[in-house]
Amino acid sequence: MAFPAVTAAVRKIFTDALRVSLDLYKVMIPIIIAVKILTEFELTGYLALPLEPFMHLAGLPAEMGLVWATSIVVNIYSGIIVYAAIFPTLEPMTVAQVSVLSTMILVAHNMFVECKIAQRCGLSFTVQFLLRMAAALIFGWILHMIFGLTGTLQQPAQLLWQPEQTPAGLAAWAAGQARNLFYLFWVVLGLMTVMRLLDVLGITRRLNTLLKPVLRLVGIGQSAATITVVGLSMGIAYGGGLIIHEARSGRVPPADVFSSVTLMGFSHALIEDTLLMMLIGAHISATLWGRLILSLLAVALLARLYARFVPSAPQTGAGNPQKA
């Protein structure tokens with residue numbers, strides 16, 4: 001490529017990354033502030049009350065409702081901090097129980113931010129929220145039944161890591177959030193650069209060919225294959241940001257947006273989050289393989305329901321697929 005062409009390509013990637021990041025900031029910043037207000041006034045505990053009856057279905061102590069509620073409203077790290085605080089006061093939990101809890105947290109956490117990102121992709125916030133909550137409960141119940149029937153992972157769980165408390169004070173919190181948002185832009189820029197290089201080198205086409213049989217089974221076309229892999233490996237904020245960009249370009253059909261974002265919601269950051277939950281005693285069989293297999297099966301079913309009941313929407317290029 002000639003130097004002017006390279007310069008133009010770099011400029012476009014930078015501009016696209018900035019636009020995607022700004023879209024994400026518009027979603028994340030108001031919700032981050034709202035969540036901070038909830039936690040400062042200690043309102044998260046009230047959100048745990050409706051969850052306590054469901055804990056029994058997953059074979060968990062009622063106190064785990066607070067852990068899950070904190071993860072739903074804030075993030076995984078906050079849920080782990082609550083779990084670490086509660087851990088010494090409870091009867092020892094088994095590895096199976098911690099694995100079930102961890103899987104439920106991984107499927108449904110940071111919901112207000114992540115479902116809002118799904119909404120920016122053209123999907124319904126409410127539908128995505130309910131789907132992830134239902135999936136977390138169903139996955140938890142299935143894993144609980146499997147562990148109970150097979151008698152596996154019944155040994156006491158060990159808490160291998162005590163998370164550090166975040167610095168007190170509004171200024172420290174604001175500085176930390178600003179730093180995270182700053183890092184987000186550079187990660188998005190890096191991902192978009194890598195995706196462009198993969199396109200130029202023809203690797204995207206080869207990757208899509210390899211993934212096509214699996215993704216076709218769950219209702220995801222080639223246009224969203226690479227982005228889906230990004231979301232599964234790195235997280236819905238990054239994968240969702242790229243989906244927003246691609247959906248606006250008109251290159252990803254609404255059905256693929258639905259299937260891709262839903263799969264990202266159920267099962268994302270596969271390596272990082274799996275390792276994180278192992279530190280509180282969860283087993284990889286549930287948090288990685290169980291979560292991934294159940295997510296693929298669930299999205300395969302949902303994609304077929306979407307195709308049957310949601311009318312096809314014409315692509316407008318405005319990033320507003322039929323909401324579902």
Side-chain angles (χ1 to χ4, degrees), residues 45 47-73 76-111 129-161 217-218 232 262-263 265-302:
L47 301 177
L49 295 177
L51 297 177
E52 290 183 0
F54 295 104
M55 295 298 98
H56 176 71
L57 293 176
L60 298 172
E63 292 86 350
M64 292 301 103
L66 178 60
V67 177
W68 190 25
T70 303
S71 301
I72 290 170
V73 175
I76 294 174
Y77 293 94
S78 298
I80 289 176
I81 289 172
V82 174
Y83 175 80
I86 294 176
F87 183 81
T89 68
L90 297 175
E91 291 293 325
M93 291 177 62
T94 65
V95 173
Q97 287 178 305
V98 176
S99 299
V100 168
L101 172 67
S102 297
T103 303
M104 293 171 66
I105 289 173
L106 293 179
V107 174
H109 63 265
N110 199 15
M111 294 281 278
F129 190 97
L130 293 176
L131 283 176
R132 287 180 63 177
M133 291 295 296
L137 290 168
I138 293 170
F139 291 5
W141 177 77
I142 291 173
L143 291 171
H144 166 57
M145 295 300 294
I146 291 173
F147 290 139
L149 291 173
T150 60
T152 54
L153 304 182
Q154 299 303 310
Q155 65 271 28
Q158 300 294 322
L159 184 63
L160 304 178
W161 173 60
L217 290 175
V218 299
L232 291 175
T262 302
L263 180 57
F266 290 172
S267 194
H268 57 263
L270 286 171
I271 305 302
E272 177 189 352
D273 288 355
T274 297
L275 292 174
L276 187 61
M277 303 316 285
M278 289 175 67
L279 292 175
I280 67 168
H283 197 271
I284 194 173
S285 62
T287 53
L288 177 59
W289 301 115
R291 175 168 56 122
L292 181 58
I293 292 169
L294 290 171
S295 297
L296 290 170
L297 292 173
V299 172
L301 173 62
L302 290 170

Do [X] and [Y] come close enough that some side-chain heavy atom pair is under 4.5 Å?
X: Ile80; Y: Leu279; result: no
X: Met104; Y: Phe54; result: no
X: Thr287; Y: Asp273; result: no
X: Leu232; Y: Ser295; result: no

Indicate yes or no for a side-chain donor-acceptor contact from [X] to the backbone of [Y] under 3.5 Å, with no hydrogens or angles considered.
X: Trp68; Y: Ala108; answer: yes
X: Gln154; Y: Thr152; answer: yes
X: His109; Y: Leu106; answer: yes
X: Gln97; Y: Thr94; answer: yes
X: Arg291; Y: His268; answer: yes
X: Ser78; Y: Thr70; answer: no

To the nearest 0.5 Å, tell me how far [X] [atom1] sits from [Y] [atom2].
X: Ile142; Y: Leu294; atom1: CD1; atom2: CG; result: 5.0 Å
X: Leu66; Y: Met55; atom1: CG; atom2: CE; result: 10.5 Å
X: Tyr83; Y: Leu101; atom1: OH; atom2: CG; result: 7.0 Å
X: Met277; Y: Ile284; atom1: CE; atom2: CD1; result: 13.5 Å
X: Ser71; Y: Met111; atom1: OG; atom2: CE; result: 11.5 Å

Phe266 and Leu131: CA distance, side-chain angles, deciding distance, side-chain contact (heavy atoms from CB on, under 4.5 Å) verdict: CA-CA 9 Å; Phe266 290 172; Leu131 283 176; 4.3 Å; yes
Pairs meeting criterion ring-ring contact (aromatic ring centres under 6.0 Å, His included) with involvement of residues 132-159, two or more places apart: none
From CA spacing to verdict: side-chain contact (heavy atoms from CB on, under 4.5 Å), Met64, Ile86: CA-CA 9 Å; Met64 292 301 103; Ile86 294 176; 4.0 Å; yes
Contact summary for Ala286 and Leu143, nearest pair of heavy atoms: CB-CD1, 4.0 Å
Step-by-step side-chain contact (heavy atoms from CB on, under 4.5 Å) determination, Val100 to Leu60: CA-CA 8 Å; Val100 168; Leu60 298 172; 4.3 Å; yes
Test log, rule side-chain contact (heavy atoms from CB on, under 4.5 Å), inputs Phe87 and Val67: CA-CA 10 Å; Phe87 183 81; Val67 177; over 6 Å; no
